[in-house]
Amino acid sequence: MAALTYEGCNFLRQRLVLSTLSGKRVKIRNIRSRADEPGLRDFEASFIRLLDKVTNGTRIEINQTGTVLFYQPGLLCGGSVEHECNVQRSIGYYLEALIMLAPFMKNPLKAVLKGVTNDPTDPSVDLLKATAVPLMKMFGINGEGLEIKVVKRGIPPGGGGEVHFSCPICRGLKPVLFTDPGKIKRIRGTAYSVRVSPQMANRIVDSARSILNKFIPDIYIYTDHMKGASSGKSPGFGLTLVAETVNGMLLSAELASTPQGQGDPVLPEELGKNCAKLLLEEIYRGGCVDSNNQSLALLYMTLGQQDVSKTLLGPLSPYTIEFLRHIRDFLQVMFKIETQKADEDEQKGGDKVLMTCVGVGYSNISKSHK
C-alpha cells in the first residue's frame, strides 16, 4: 500500500491524526523548503513526539533538513502520558488532536500537558472544556473519566501552565442528528487574569455584559484569578464566552490579551467588548456546532456506526474544508452538502450548511478485551 503524499507544512495535525486513525502511511514533502529556516518547527516536532507517546509501534522518519516527514502509524495505546508542550503554540493545539484520538485508545487516556494554556492564536483549554467535552458526550463518549482540568494557567511567552485531560475508551460512536440548533437561552463565560490586578477580570466582565445584556438576561461570567505557583510565568488576561441554545448546542468565542512584549497592549474593557461581539458574530453564523469544533464533529460523524448522521453547520471555515478533503483521502467518506439559505423574516442569522454522511462503522480495534 503506497503512502499518501502531501506537500507543505499546512494541516500537519489533520494529516497525522487521520493517518493514525486509518492506519495509512503518510509522506509530507517540501515542508517550508523555501523558507529561511526550512523544515519542521519546534512545536510541530513536539506534536509528533506526543503522537509517538500515545501510540505503540509508530515509525517516524525525518530527513536532515526536516523538510520531508514519513509517518507510519502504530496502535493507539493511551495510558498515562506526560508531555511538555512547546511554548510557541498553546496546549489547545495539542489537545485538539488528542481529543480526536482519545476515545479509540487501548487504555483510557490520562494526559498531563504542560505549557501555554491561553494564547491569541489557538483555541484555549477553557474553550475546549466548555464546548468539545459536551460535544463528545453527545456522540456517546461518556463515563466517569471524561474531563479537562486546568491545574495551572500559563500565558505566553513564559508558559508554565498545566492541564490534565482524561478520557474513557469507547467501543463505537453513535450517529447524530443535529438539525435544529434552537434559540439561545443563556450565556456563560470565564474571565481569567494571572499576574495582573484581580480587578482586570471584573473590568472584562462588566464590558462584556454591557453589550450582551441588551439581548438576554441570563448571563453569568465567572472570574478566575490564579495566584502564586498556579499562575504560570507571564502576566495576561482573557475571556471565554459560551452561548447555550434551548436544544443544548453550544457556540463559543474567546479573546486573550497580547503577550508581554509583543505588539500593543490591550485594555480589558476593549477585550471584553470585542469578545462579546465575536460571540454575537458566532451566533449569527449559527449552526449546531461552532466554527472551532466543526472538524471534530465531522470526524466523529465519519467514524460513527454505519448509519446516517446529519449536522447543521454555519459557513464552513477554510480549515474544515481542507479537513473534508483529507477525510475523503484517508477514510473514503464523502459528505452530502446542502446549503440552506437564511430567511430574512425569521432572523436566524447567516446561511447554513447541512452536512450528511454515512459513518464507516469504526470500532475501537485497540481496545483490550477483559
Side-chain angles (χ1 to χ4, degrees), residues 1-35 37-79 81-86 88-89 91-107 109 111 113 115 122 165 167 169 295-296 298-300 302-303 319-333 360 362-367:
M1 189 174 72
L4 287 162
T5 312
Y6 291 104
E7 299 225 341
C9 62
N10 257 345
F11 314 109
L12 178 84
R13 285 183 308 164
Q14 292 184 9
R15 289 165 183 168
L16 296 186
V17 164
L18 286 168
S19 159
T20 311
L21 287 169
S22 64
K24 291 185 177 167
R25 294 176 296 181
V26 66
K27 186 174 190 176
I28 302 172
R29 290 203 297 255
N30 295 348
I31 301 174
R32 300 192 182 89
S33 51
R34 303 220 171 145
E37 296 178 18
L40 290 165
R41 293 276 175 271
D42 292 347
F43 65 86
E44 290 164 334
S46 173
F47 176 72
I48 295 168
R49 279 197 293 275
L50 175 62
L51 282 185
D52 193 34
K53 283 180 187 173
V54 296
T55 55
N56 186 5
T58 298
R59 207 170 108 229
I60 299 156
E61 291 170 16
I62 301 173
N63 71 346
Q64 278 187 316
T65 50
T67 53
V68 179
L69 163 70
F70 175 76
Y71 181 83
Q72 182 174 344
L75 287 176
L76 286 160
C77 57
V81 175
E82 190 167 312
H83 187 66
E84 195 74 48
C85 300
N86 193 289
Q88 291 171 343
R89 297 298 287 262
I91 289 177
Y93 174 84
Y94 302 87
L95 195 54
E96 269 189 312
L98 273 188
I99 287 174
M100 289 178 171
L101 297 171
F104 310 107
M105 304 274 181
K106 180 175 183 181
N107 304 309
L109 180 69
L113 303 173
D122 295 304
F165 169 55
C167 177
I169 46 178
S295 43
L296 177 68
L298 294 174
L299 177 72
Y300 282 170
T302 314
L303 297 175
Y319 188 81
T320 309
I321 292 168
E322 202 59 43
F323 190 70
L324 288 167
R325 290 180 185 141
H326 283 120
I327 284 181
R328 184 193 60 198
D329 293 350
F330 284 96
L331 299 161
Q332 281 79 49
V333 169
V360 292
Y362 189 91
S363 61
N364 187 345
I365 46 167
S366 320
K367 188 168 173 287

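Any value given below was found using the heavy atoms of this structure, including those in side chains, with hydrogens, waters and symmetry copies removed. This one's a predicted model, so the numbers in the text were calculated from it and none came from an experiment.
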So, the side chain of [X] versus the backbone of [Y]: is there a donor-acceptor pair under 3.5 Å, distance only?
{"X": "Arg15", "Y": "Asn10", "value": "yes"}
{"X": "Lys53", "Y": "Glu82", "value": "yes"}
{"X": "Ser19", "Y": "Lys24", "value": "yes"}
{"X": "Gln14", "Y": "Tyr319", "value": "yes"}
{"X": "Tyr93", "Y": "Phe43", "value": "no"}

Rounded to the nearest 0.5 Å, how far apart are [atom1] of [X] and [atom2] of [Y]?
{"X": "Ser22", "Y": "Ile327", "atom1": "OG", "atom2": "CD1", "result": "11.0 Å"}
{"X": "His326", "Y": "Leu331", "atom1": "NE2", "atom2": "CG", "result": "11.5 Å"}
{"X": "Ile321", "Y": "Ser295", "atom1": "CD1", "atom2": "OG", "result": "12.0 Å"}
{"X": "Arg89", "Y": "Arg13", "atom1": "CZ", "atom2": "CZ", "result": "6.5 Å"}
{"X": "Thr55", "Y": "Leu50", "atom1": "OG1", "atom2": "CG", "result": "9.0 Å"}
{"X": "Thr5", "Y": "Arg29", "atom1": "OG1", "atom2": "CZ", "result": "5.5 Å"}

Would you indicate whether the side-chain heavy atoms of [Y] and [X] approach each other to under 4.5 Å?
{"X": "Leu51", "Y": "Ile60", "value": "no"}
{"X": "Arg41", "Y": "Phe47", "value": "no"}
{"X": "Leu69", "Y": "Ile48", "value": "yes"}
{"X": "Lys27", "Y": "Val68", "value": "yes"}
{"X": "Lys106", "Y": "Ile169", "value": "no"}
{"X": "Val81", "Y": "Leu98", "value": "no"}
{"X": "Val54", "Y": "Met105", "value": "yes"}
{"X": "Phe11", "Y": "Leu18", "value": "no"}

**Item:** For Thr65, side-chain contact (heavy atoms from CB on, under 4.5 Å) partners two or more places apart
**Value:**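 Applying side-chain contact (heavy atoms from CB on, under 4.5 Å) to Thr65 gives Asn63, Thr67.
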**Asked** With sequence neighbours excluded, what pairs up with Ser46 under the side-chain contact (heavy atoms from CB on, under 4.5 Å) test?
**Response**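 Arg49, His83, Asn86, Tyr94.
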**Prompt:** Using a distance-only test with no angle check, is there a side-chain donor-acceptor pair under 3.5 angstrom linking Tyr71 and Thr20?
**Reply:**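 Tyr71 vs Thr20: donor-acceptor pair found between side chains.
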**Request:** Please indicate whether Gln332 has more than 12 foreign heavy atoms, meaning atoms of other residues, nucleotides or ligands, lying under 6.0 Å from its CD.
**Result:**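 More than 12 within 6.0 Å, yes.
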Using every non-hydrogen atom in the two residues, find where [X] and [Y] come nearest and quote the distance to one decimal.
{"X": "Cys85", "Y": "Ile91", "value": "SG-CG1, 4.3 Å"}
{"X": "Val26", "Y": "Tyr6", "value": "CG2-CD1, 3.7 Å"}
{"X": "Arg25", "Y": "Pro73", "value": "CA-CD, 4.1 Å"}
{"X": "Val17", "Y": "Ala97", "value": "CG2-CB, 3.7 Å"}

